[in-house]
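Report on the following structure.
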Amino acid sequence: MKLDLEEYKNIIFLTGAGVSVDSGLPTYRGENSTTAVDIQYSGHIDRIKDNPKALWEFYGPLRQSIQKAQPNAVHFMLAKLEACLADDQRFCLLTQNVDGLHQKAGSKRVIELHGNIETLVCSNGECNTEKVYGSLSAENPPLCEMCGSVLRPGIVLFGEPMPVSTEWSMKKALRSCDLFVAVGTSGTVSPASNIVRSARYEGARTILLNLEPMVPNNSYFVEEYLGDASVLMSGLFDTGV
């Protein structure tokens, strides 16, 4: 069954870590998850103060893997869908991923809910150092050249909220949403569970595409299709990829 995107005016896609598995990147949950470290400990905001080495022992190698990764078929499919829409249609890609692969594939309207790991931010809130990019050694905590504080990845760490500006952009994009499709995410935990609820309140058709079924079930997803993301995307949409 193909979905005719011409029937929809405000289309929202939400992507999770499952989308980037075929690019060689691990997920936090499921069969392809990273299990070598306690992510909720090593990736917690508190590690910046009490154990920055643990923070960078996890995020340093992950950052290097992401810098080498390339977009896969799903990334290109989503970019193609956006490019093929009519002028009177709105499209927004919300992503929980921090790898920047959607932009590398050509997607234009992307809201990174959890930031981008290629950026570095000074952990000192009073420091005026701007976000920077660049390669680093994998495990040594990098220091700010201006104030000497530890630099942190420019992402939402465990224990801290989504930035207000990002949340505002997300809510604005969801207004009048009439088609909401989540790809490569469980759909049962925040923010996916909250975003689909908002989309459903707007009256959107809500679809989940994922490798594994929802446990527990999230009733705000009215349709659920299980399988490989690229196969499901090809089956539902004319992606041209």
Side-chain angles (χ1 to χ4, degrees), residues 14-21 23-67 69 94-102 110-127 129 131-133 136-144 149-171 182-198 210 212 214-216 218:
L14 169 70
T15 61
V19 165
S20 294
V21 168
S23 293
L25 301 178
T27 65
Y28 289 155
R29 298 176 178 85
E31 294 181 0
N32 298 296
S33 63
T34 300
T35 57
V37 296
D38 183 345
I39 298 170
Q40 295 196 35
Y41 170 81
S42 297
H44 198 278
I45 183 66
D46 290 346
R47 300 296 82 75
I48 292 176
K49 292 183 178 180
D50 63 28
N51 193 353
K53 190 174 188 297
L55 182 84
W56 278 102
E57 282 177 345
F58 172 66
Y59 282 116
L62 178 60
R63 191 170 184 270
Q64 290 189 333
S65 297
I66 285 174
Q67 288 175 331
L94 307 177
T95 184
Q96 299 173 107
N97 300 337
V98 298
D99 51 42
L101 293 178
H102 286 300
V110 181
I111 298 177
E112 295 176 310
L113 301 178
H114 293 162
N116 190 308
I117 200 169
E118 288 200 59
T119 62
L120 301 173
V121 182
C122 183
S123 60
N124 178 4
E126 298 180 357
C127 181
T129 298
K131 290 183 179 180
V132 295
Y133 293 78
L136 298 170
S137 61
E139 299 177 0
N140 295 323
L143 302 179
C144 175
S149 300
V150 172
L151 291 175
R152 53 164 287 179
I155 63 175
V156 177
L157 300 175
F158 287 95
E160 64 179 349
M162 184 188 305
V164 173
S165 58
T166 302
E167 186 172 5
W168 182 87
S169 297
M170 177 190 71
K171 290 180 177 179
V183 189
T185 180
S186 68
T188 60
V189 296
S190 180
S193 58
N194 294 330
I195 296 173
V196 66
R197 179 177 60 188
S198 298
N210 198 34
E212 300 172 349
M214 289 180 283
V215 180
N218 184 340

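All figures in this text were calculated on a predicted structure; none of them were measured in a lab.
Of the inter-residue distances, the one linking Thr15 atom OG1 with Leu94 atom CG reads 8.0 Å to the nearest 0.5 angstrom. The OG atom of Ser165 lies 10.0 Å from the CD atom of Glu167; values are rounded to the nearest 0.5 Å. The CZ atom of Phe158 lies 6.0 Å from the CD1 atom of Ile39; values are rounded to the nearest 0.5 Å.
Using a 4.5 Å heavy-atom threshold, the side chains of Leu157 and Ile48 count as touching. Ser23 has its side chain out of reach of Asp99: every pair of non-hydrogen atoms, C-beta onward, lies at least 4.5 Å apart. Counting only heavy atoms from C-beta outward, the side chains of Val150 and Leu55 never approach each other to under 4.5 Å. Within the 4.5 Å cutoff, the side chain of Thr166 has no heavy atoms near those of the Glu112 side chain. The closest side-chain heavy-atom distance from Trp56 to Pro153 is below 4.5 Å. Looking at Ser149 and Cys127, their side chains never come closer than 4.5 Å, going by heavy atoms from C-beta outward.
Under a 3.5 Å cut-off, the side chain of His114 and the backbone N or O of Ile155 do not form any donor-acceptor pair. Between the Arg47 side chain and the Lys53 main chain, no donor and acceptor come within less than 3.5 Å of each other. Listed for the Thr95 side chain is a donor-acceptor partner under 3.5 Å among the backbone atoms of Asn97.
Heavy atoms only, all atoms of each residue included: Leu113 and Pro191 are closest at CD1-CG, 4.2 Å. For the pair Gln96 and Leu14, the tightest heavy-atom approach, listed with the atom from each and the gap, is CG-CD1, 4.1 Å. Nearest heavy atoms, Pro161 versus Val156: O-CG1, 3.8 Å. Of all the heavy atoms in Arg63 and Glu118, the pair that sits closest is NH2-O, 2.7 Å. A pairwise comparison of heavy atoms in Ala192 and Thr185 identifies CB-OG1, 3.9 Å as the closest pair.
Residues forming a side chain to side chain contact (heavy atoms under 4.5 Å, CB included) with Ser190 (at least two apart in sequence, or on another chain): Ser193, Asn194.
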